Chemist: 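Okay, here's the structure, questions in a sec.
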Amino acid sequence: SRVVLVGPAGSGKGTQAPRLSDEMCWCHLSTGDLLRDEVKKGSELGREAKKIMDAGGLVSDDIVIGMIKNKISEPMCSNGVIFDGFPRTVNQAKALDNMLASDGKQIDKAIEFDIPDQVLVERITGRRIHLASGRSYHIKFAPPKVEGIDDITGEPLIHRTDDTEEALMKRMNSYHANTGPILDYYKQKGRFAKVDANRNVDDVWNDLKNAARPI
Ligand code: AP5
Ligand code: ZN
């Protein structure tokens with residue numbers, strides 16, 4: 001099965017996707033995580049992307065589509081894929097459909113993380129992440145066992161460089177302008193579900209699990 005998680009910055013995509021990945025044995029592909037890997041490596045792509053990401057803009061369609069193309073053909077993704085943060089433009093959604101169709105596959109469901117803008121600031125400014133794995137924590141809502149330390153590896157947690165209020169405002173606007181239209185794209189195809197993402201992590205998880213389950 002192939003599902004897309006669609007929601008604004010801080011809506012919980014990166015929190016829920018690993019759970020879904022464990023439950024279903026589907027691979028988790030986050031374009032944000034893939035881009036942060038490039039930034040960490042210091043590649044040319046990473047250096048270009050970092051400027052755009054820190055400013056809250058969108059990296060070009062060609063770059064993210066290329067990254068996804070490489071990943072979905074990996075054997076570990078043959079059972080199923082959770083797309084997190086991709087597609088975020090109608091152009092990307094169409095490119096993804098074409099990519100999958102050439103393999104006889106399709107997106108089975110796009111799931112919207114529905115949440116009001118007002119709650120996103122607190123979620124984003126309190127977020128801490130483990131860079132290598134992409135695991136995210138929250139100083140108030142999902143604290144690590146030891147402050148500032150990843151539960152699993154014992155490595156330090158960091159503050160994402162794009163988690164400023166200023167960049168968040170841009171990401172929120174971009175979500176409404178560029179990503180909103182992909183919801184209609186999937187609704188028209190009849191492959192759409194919505195979860196109320198403004199609840200605690202476990203309640204969101206219960207709904208998500210049901211929404212993502214293959215029919
Ligand atoms: P990306 O990394 O995808 O960032 P984003 O879409 O802005 O989303 P976030 O990762 O900020 O939010 P999330 O929904 O994963 O929230 P999380 O679960 O961590 O992309 C970063 C950048 O890369 C983009 O801005 C762009 O520049 C570029 N990019 C990426 N993909 C691209 C594409 N396809 N095209 C072009 N450019 C692209 O949760 C947030 C916090 O809230 C955490 O602290 C968490 O612990 C907490 N939390 C989660 N759920 C709950 C809950 N239910 N209750 C309370 N707290 C919660
Ligand atoms: Zn994320």
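For clarity, every value in this text was computed on a predicted model and none was experimentally measured. We count ligands from 1, going down the list as the structure has it; atoms in each ligand are counted the same way.
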Chemist: Given the rule in the side-chain contact (heavy atoms from CB on, under 4.5 Å) test, do R19 and V201 qualify, once you have shown the distances and angles that lead to the verdict?
Modeler: CA-CA 11 Å; R19 285 197 180 196; V201 174; 3.7 Å; yes

Chemist: For F192, does the six-membered ring have the charged nitrogen or CZ of K189 within the cation-pi criterion, i.e. under 6.0 angstrom from the centroid and within 45° of the normal?
Modeler: no

Chemist: When Q92 is tested against each of N178, T179, D61 for side chain to side chain donor-acceptor pair (under 3.5 Å), which residue passes?
Modeler: D61

Chemist: Could I get the full list of salt bridge (charged side-chain N to carboxylate O under 4.0 Å, His left out) partners for R127, not counting sequence neighbours?
Modeler: D163

Chemist: Could you name the protein residues that come within less than 4.0 Å of ligand 1, counting only heavy atoms, and order them by chain and residue number?
Modeler: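 Correct list: P8, A9, G10, S11, G12, K13, G14, T15, T31, G32, L35, R36, M53, G57, L58, V59, V64, G85, F86, R88, Q92, R123, I124, R127, S136, Y137, H138, F141, A142, R160, D162, R171, R199, N200, V201.
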
Chemist: Go through the structure and list residues passing side chain to side chain contact (heavy atoms under 4.5 Å, CB included) with K69, not counting sequence neighbours.
Modeler: M99

Chemist: Linking Ile, Leu, Val, Met, Phe, Trp and Tyr by side-chain heavy atoms under 4.5 Å, what else ends up with V146?
Modeler: I149

